[in-house]
Amino acid sequence: MAVRTCVVRGACLWLAVMTMWRSASLAWSSSEHSIHINKIPIWPMPANVEYGMNENYILAVAKNFSVAIIGQYPGSAPVLQSGISRFLNTIHLLHDQIDMVEEDGLTDKAAGTFSFLRGLRVNVESWDDQLQFGIDESYELKVPDPDSPNYAYLKAKNVYGALYGLETLSQLCFLNFARRNVIVPMAPWTIIDQPRFSYRGLLIDTARHFQPLEMIKKVIDAMAYSKLNVLHWHVVDTQSFPLEIPSLPKLWNGAYSPSERYTMKDAHEIVEYARMRGINVLAEIDVPGHAGSWGIGYPHLWPSYNCQQPLDVSNEFTFKVIDTILSDFSKVFKFKFIHLGGDEVNTSCWSNTGHIRKWYVLKL
């Protein structure tokens, strides 16, 4: 139990660490270009990586760097467009922090061989942008493209693999304070990547520790930096029932307070925000244990006022409530899985409640 109650605090600490890591990874202040294999600046480590060994070759990212979608994938598709926008914001942030040298000023032969990376070409092979468990998240990234040396090339089976490729490319871009420009060190890079695990998740527990939407979104952002793909949202527990269930409007009477609640519109916002970053939302409601908060609005769910959980399994209303919750959930949470807890069911409450004991005998 102590571990479970620390989940959100641990997630926030992890978020802070990931944010600091990402900020630190954007700065390249060393005059040396060599990178040890154990210090490749990509998180997590890709499945296959090749990079250049010429320390005198400098690939600078042009200030007018652009992204073009090639192939048959629709350029207006929102998932890819939002990913490209976030990527370009990162590149622009780097450029905003330093005065770029002019291209015609890069003529000092003693400084090494310069080449400018002017853009990225993205090729997504599948039009299907449905996010579900087990999709192909692989991608191939070449920086620069051997066939077009002023451009990087990213190929992915579907749009979510492309998002991971964009994240990888952003991690390869560094500020070089000595040269006062943005560079991709150790180019050329060829990266062929796919996840080792189909399920890469992080759990947050907002039933015990309510978190506002903006905090949940920051956790999702940090998950995207790390290429995690499942937000396990433990949204209901015995301590509170903060989520609106439109068909059972009294359930969220079990929230900590009226200001510590999530509407279905809020839930949809989180699901959509996560989807745009290639992250599924796995919602969890504990049942039949860890469900004391349910009875605040509907006391008949309790075995008795003195013994409030597990839920009353002898009452048909209990199963109607569960069915109704799952029905309302399905309208917002589109992931193929839902988590029903099922842990720590202390059946002594059922054994000590007369009408449940009678029901049990009749069922034998």
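As the structure is a computational prediction, the values presented were derived from the model and not from experiment.
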Subject >> Criterion salt bridge (charged side-chain N to carboxylate O under 4.0 Å, His left out) on R208 and D205, from CA distance to verdict >> reply: CA-CA 6 Å; R208 295 184 175 96; D205 186 344; 2.6 Å; yes
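- F329 has its side chain within reach of L243: a pair of non-hydrogen atoms, C-beta onward, lies under 4.5 Å apart.
- Under the 30°/60° scheme for interplanar angles, the aromatic rings of W294 and F241 are found to stand perpendicular.
- Judged as a side-chain hydrogen bond (donor to acceptor under 3.5 Å, both in side chains), and not counting sequence neighbours, S76 has no contacts.
- Every residue meeting the salt bridge (Lys or Arg N to Asp or Glu O under 4.0 Å) condition with R200, not counting sequence neighbours, appears here in chain and number order: E137.
- Shown here are the side-chain hydrogen bond (donor to acceptor under 3.5 Å, both in side chains) partners of D312, two or more places apart in sequence or in another chain: S314, H355.
- Looking at Q308, Q309, H290 one by one, the single match for side chain to side chain donor-acceptor pair (under 3.5 Å) with T238 turns out to be Q309.
- By the ring pair (Phe, Tyr, Trp, His ring centres under 6.0 Å) test, Y305 is found to be paired with W302, residues two or more places apart in sequence or in another chain being considered.
- By the side-chain contact (heavy atoms from CB on, under 4.5 Å) test, N48 pairs with I192, sequence neighbours left out.
- No side-chain heavy atom of L231 sits under 4.5 Å from any side-chain heavy atom of N280.
- Take Q130 and apply the side-chain hydrogen bond (donor to acceptor under 3.5 Å, both in side chains) test, not counting sequence neighbours, and it matches no residue.
- Ion pairing between E167 and R86 fails under the 4.0 Å rule for side-chain N and carboxylate O.
- A pairwise comparison of heavy atoms in S293 and V236 identifies OG-CG1, 4.4 Å as the closest pair.
- Applying the salt bridge (Lys or Arg N to Asp or Glu O under 4.0 Å) test to K331 and every residue at least two apart in sequence or in another chain returns D328.
- Between I216 and V219, every side-chain heavy-atom pair lies at or beyond the 4.5 Å cut-off.
- Qualifying side-chain contact (heavy atoms from CB on, under 4.5 Å) partners for D323, counting only residues two or more places apart in sequence or in other chains: none.
- In the hydrophobic clustering (ILVMFWY side chains linked at under 4.5 Å, chained through shared members), Y153 is joined by I70.
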**OP:** Test side-chain hydrogen bond (donor to acceptor under 3.5 Å, both in side chains) on Y164 and N229 and set out the steps.
**Re:** CA-CA 10 Å; Y164 298 135; N229 68 347; 4.9 Å; no
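- Using a 4.5 Å heavy-atom cutoff, the side chains of I245 and W252 are not in contact.
- With sequence neighbours excluded, the residues forming a side-chain contact (heavy atoms from CB on, under 4.5 Å) with Q81 are I69, listed by chain and number.
- Aromatic rings from W233 and F335 are positioned such that their centres are separated by 6.0 Å or more.
- A salt bridge is absent between D145 and R121; no separation between the charged side-chain nitrogens and carboxylate oxygens falls under 4.0 Å.
- Applying the disulfide bond (SG atoms under 2.5 Å apart) test to pairs two or more places apart or on separate chains, none has a residue in residues 219-266.
- Every ring pair (Phe, Tyr, Trp, His ring centres under 6.0 Å) that F133 has, sequence neighbours left out, goes to F337.
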